[in-house]
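Presented below is the structure to which this report refers.
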Amino acid sequence: MKIIDLRSDTVTLPTQTMKDALYHAELGDDVFGEDPSTNRLQEIASELMGKEASLLVPSGTMGNLICTLTHCARGEEVILGNMSHMFLYEAGGMSALGGIQPHIIPNQLDGTMSLEDIEAAIRGDNIHFPRTRLICLENTHNRCNGSPLTPEYIDSVAALARRYGLLVHLDGARIFNAAVALRVNIKELTRGVDSLIFCLSKGLSAPVGSMVCGSREFIAEALRIRKVLGGGMRQSGVIAAAGIIALEQMVDRLAEDHANARRLAEGIARIPGLSIDLAGVKTNIIYFDLVSDQPTNDEFVIRLGQKGIKLLPTGSSRFRMVTHHGISTEDIDATLVALTEVMEET
Ligand SMILES: *Cc1c(COP(=O)(O)O)cnc(C)c1O
């Protein structure tokens, strides 16, 4: 039976071109700065993002942590959304390892935080208060329907930050999905921020790795923090070689994932007992609700599993599906047939 795995775009496997590239990669010791493939990937990433420098790191989580630890001192505060990955899913790293306090404010359904809420969360100069240092944005916004943040919104947050002498970090795990969905040059999404991360290992299909990007000075400090965290890698060119292919060959095709997500969402909207907000579907992530009593949430997941469909339960009766390289339009149609059968059988 064919397995159609819609849990996440992290399940993507490296392409044959990536395997060939990492097999033949030119290697050296990256802790000495001597891995040619890693150096090349870092140049490509900096250039693409319009930043002076960048750094290969093992994961997006480590990348975000490196950025917060580089920007903030102990006791300082970071403003971020209550639905953000950095707040929900990074094991409290900034507090645990940096003594940094998250100050959460509401995410809107489109992944933004209102400028009013951000401004109200900025601390005044008072001996009682922690010092606000950093504002974090997420693009696309994982928990908020995979929504892309627009250049205009990011610029407005950056302008607010500058007025208060604050820094902006962008968790751009899926920033290429945002650029493709909005049809903008990626630099428009990064020009206002002081640092960003993006993942090579999600929709871009590389096996491992994320990039941290920022000024030369910032990356020099981030390099030290990466070493502290045990993220200094040696012949990391085997990772970087696949990452280069990810950036060169796998970006434009994300539009297919978005089209498949839309097809899937529109199909789900027609199935009795399932409910989805079609207007919210903009990239490769969809959330929908099981609104009938039968099947139960657990039965729903089990029966789909029996038909080869994997999805992610994300709370009470809500489920997530993510389209990616390796999920074809035929797979989407097969998924819709399976969903219809599961709902009709009960
Ligand atoms: C996946 C993800 C991360 C973390 O990346 P890992 O490589 O899984 O550690 C960070 N932010 C967002 C929005 C993500 O979706």
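Order of appearance sets the numbers: ligands from 1, and atoms from 1 within every ligand. All values derive from a computational prediction rather than experimental measurement.
Atom numbering of ligand 1 starts at 1 in the shown order; those under 4.0 Å from a heavy atom of Ser59 are 7 (O), 9 (O). Each of the following atoms of ligand 1 lies closer than 4.0 Å to a heavy atom of Gly60: 4 (C), 5 (O), 6 (P), 7 (O), 9 (O). In the vicinity of Cys199, heavy-atom distances shorter than 4.0 Å reach the ligand 1 atoms 5 (O). Every atom of ligand 1 with a heavy atom of Asn142 under 4.0 Å away is listed here by number and element: 15 (O). Remark: ligand 1 atoms within the under-4.0 Å shell around heavy atoms of Asn64 are 10 (C).
Using a 4.0 Å heavy-atom cutoff, Arg174 is listed among the residues neighbouring ligand 1. At least one heavy atom of Lys202 sits closer than 4.0 Å to an atom of ligand 1. Ligand 1 has at least one atom lying under 4.0 Å from a heavy atom of Glu90.
Only side-chain heavy atoms of Ala173 come within less than 4.0 Å of ligand 1; its backbone N, CA, C and O stay farther off. At a heavy-atom cutoff of 4.0 Å, ligand 1 is contacted by no atom of Ser84, backbone or side chain. Counting heavy atoms under 4.0 Å from ligand 1, residue Thr10 does not touch it at all.
Of the listed residues (Asn142, Asn139, Asn64), just one forms a side-chain hydrogen bond (donor to acceptor under 3.5 Å, both in side chains) with Asp171, and that residue is Asn64.
For the atom pair CZ (Arg133) and CD1 (Ile122), the distance works out to 13.5 Å, reported to the nearest 0.5 Å.
Counting non-hydrogen atoms of other residues, nucleotides and ligands closer than 6.0 Å to CD of Glu34 gives a total above 12. Few gaps surround CZ on Arg253; more than 12 heavy atoms of other groups in view lie less than 6.0 Å from it. Surrounding CG of Asp252 are at most 12 heavy atoms belonging to other residues, nucleotides or ligands under 6.0 Å away. Within 6.0 Å of CG in Leu109 there are 12 or fewer heavy atoms belonging to other residues, nucleotides or ligands. Atom CZ of Arg183 has 12 or fewer heavy atoms from other residues, nucleotides or ligands within 6.0 Å. More than 12 heavy atoms of other residues, nucleotides or ligands lie within 6.0 Å of CD in Gln108, so this atom counts as buried by the packing criterion. Other residues, nucleotides and ligands contribute only 12 or fewer heavy atoms inside 6.0 Å of the CD atom of Glu217.
The protein heavy atom nearest to atom 11 (N) of ligand 1 is Asp171 OD2, 2.6 Å. Ranking the protein heavy atoms by distance from atom 13 (C) of ligand 1 puts Glu138 OE2, 3.2 Å first.
For ligand 1, the polar-atom distance check against Thr61 finds a nitrogen or oxygen pair separated by under 3.5 Å.
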